[in-house]
Amino acid sequence: MPKQVDYESRRRRIAEAVCLLADEHGPQGVSMRDVAARAQVSLGAVQRCFRSKEEMLLFAVEHVGDRITERVRARLAQSPAQSAATALGHAATEIALLRAEHRAEARIWLAFVAQAAVSEPLAGPLRTSYAALQNLLVRLITEATESGPAEQGAAPPAPRREARTLLALADGLTTHVLIGHLTAQEAEKVLHAHLAGLWERLGTARPGSRDPAG
């Protein structure tokens, strides 16, 4: 009987190889032949999964974005009873990729972002990933807005505007840590301070409460 091939599993394996090579040489330095060698499959196997290098890179971008989004959702699912403040803090910390074990992933993500600046096909999947993360932040901020009274006399924060601001901050902190402008600890303090200010406007933070980023 012919051997059954799990193409989706193979595509993910190839995407991981693309990410490793993009981390070492940048997306432009990735070739289908090198990917085949790194993934330990034949060049023909890569070509059966992807018709071109561009298609292969597009899938790898989506793969990294999905991995980050799923990790954020898994982190939230681990503690379903956590407060909205803690949940948002966990989500923002995951998105910022500040932990040492996510440093390679951060380099890969920014390498794709840099390439996407001059490649509309690559920019599309990145926009989709950012939109998914932003929508998740909007949901968490909306839940917090509904669960706590806003500061007296202050207009309640607009969830979409706050989500955009937080996502941009997290993304910028990723860059600052990678180039050594900030340490991961310094970046976390910046993130925590922003979240604390948000919760003060929402009226959900209390003196002596736990750090909103958990």
Side-chain angles (χ1 to χ4, degrees), residues 1-75 91-92 94-138 160 163-164 166-180:
M1 238 183 123
K3 184 179 178 182
Q4 296 296 312
V5 177
D6 183 347
Y7 281 101
E8 195 54 37
S9 176
R10 177 172 286 178
R11 280 161 66 87
R12 288 194 297 270
R13 181 176 176 179
I14 290 170
E16 289 292 341
V18 171
C19 290
L20 290 172
L21 289 167
D23 186 27
E24 295 170 4
H25 310 294
Q28 288 184 315
V30 174
S31 72
M32 296 183 84
R33 189 175 299 279
D34 288 341
V35 167
R38 184 62 63 93
Q40 297 184 325
V41 298
S42 68
L43 177 59
V46 174
Q47 292 169 331
R48 283 190 290 274
C49 289
F50 302 102
R51 291 169 295 181
S52 66
K53 173 184 171 178
E54 184 175 83
E55 185 178 298
M56 182 178 67
L57 288 176
L58 287 174
F59 183 79
V61 171
E62 292 170 354
H63 176 70
V64 175
D66 289 346
R67 195 164 62 190
I68 295 170
T69 303
E70 285 307 310
R71 192 165 61 239
V72 172
R73 287 176 176 153
R75 179 79 182 272
E94 291 290 349
I95 292 169
L97 300 172
L98 299 179
R99 291 203 292 273
E101 61 265 33
H102 297 151
R103 206 59 50 79
E105 196 172 70
R107 289 195 300 269
I108 294 163
W109 181 258
L110 289 183
F112 281 131
V113 168
Q115 185 65 24
V118 293
S119 171
E120 177 56 30
L122 275 181
L126 285 170
R127 286 196 296 268
T128 298
S129 294
Y130 278 125
L133 292 170
Q134 179 177 294
N135 288 338
L136 180 59
L137 295 177
V138 168
R160 186 160 296 278
R164 286 173 175 166
L166 182 55
L167 183 58
L169 174 63
D171 213 39
L173 291 174
T174 304
T175 303
H176 285 218
V177 171
L178 279 183
I179 65 173

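These values consider heavy atoms only, across backbone and side chains, with no hydrogens, waters or symmetry-generated copies.
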Give the minimum heavy-atom separation between [X] and [Y], together with the two atoms involved.
X	Y	result
A170	A92	CB-O, 4.2 Å
L58	P121	CD2-O, 2.8 Å
Q134	A163	O-CB, 3.8 Å

What distance separates [X] [atom1] from [Y] [atom2], expressed to the nearest 0.5 Å?
X	Y	atom1	atom2	value
L97	R71	CG	CZ	6.0 Å
R164	L169	CZ	CG	16.0 Å
I95	L173	CD1	CG	12.0 Å
W109	R67	CH2	CZ	10.5 Å
E54	L122	CD	CG	7.0 Å
Q115	F112	CD	CZ	9.0 Å

- Task: Before giving the answer on side-chain contact (heavy atoms from CB on, under 4.5 Å), spell out for C19 and V64 the whole-Å C-alpha distance, their side-chain angles and the decisive distance to 0.1 Å.
- Result: CA-CA 8 Å; C19 290; V64 175; 3.4 Å; yes
- Is any side-chain heavy atom of S42 closer than 4.5 Å to a side-chain heavy atom of R48? yes
- Message: With heavy-atom distances below 4.5 Å as the criterion, would you say the side chains of N135 and R160 are in contact?
- Response: yes
- Message: So does L167 get a backbone contact from the side chain of D171, meaning a donor-acceptor N/O pair under 3.5 Å?
- Response: no
- Task: Could you tell me whether the side chain of K53 and the main chain of M32 form a donor-acceptor pair under 3.5 Å?
- Result: no
Assess whether a salt bridge exists between [X] and [Y], defined as any Lys/Arg side-chain N lying under 4.0 Å from an Asp/Glu carboxylate O.
X	Y	result
E70	R73	yes
R99	E105	no
E62	R11	no

- Does D23 have any salt bridge (Lys or Arg N to Asp or Glu O under 4.0 Å) partners at least two apart in sequence or in another chain, and if so, which? R107
- Taking the six-membered ring for Trp, are F50 and F59 parallel (under 30°), tilted (30 to 60°) or perpendicular (over 60°)? tilted
- Stepwise side-chain contact (heavy atoms from CB on, under 4.5 Å) test for V30 and M56: CA-CA 10 Å; V30 174; M56 182 178 67; 4.1 Å; yes
- Between R38 and E16, is a side-chain contact (heavy atoms from CB on, under 4.5 Å) present by the stated rule, with each step listed? CA-CA 9 Å; R38 184 62 63 93; E16 289 292 341; over 6 Å; no
- CD of Q40: more than 12 outside heavy atoms within 6.0 angstrom? no
- Query: In terms of heavy-atom contacts, does CD of Q28 have more than 12 from other residues, nucleotides or ligands at under 6.0 Å?
  - Reply: no
- Item | CA sep, side-chain torsions, deciding dist, call: R103, L178, side-chain contact (heavy atoms from CB on, under 4.5 Å) | CA-CA 8 Å; R103 206 59 50 79; L178 279 183; 3.4 Å; yes
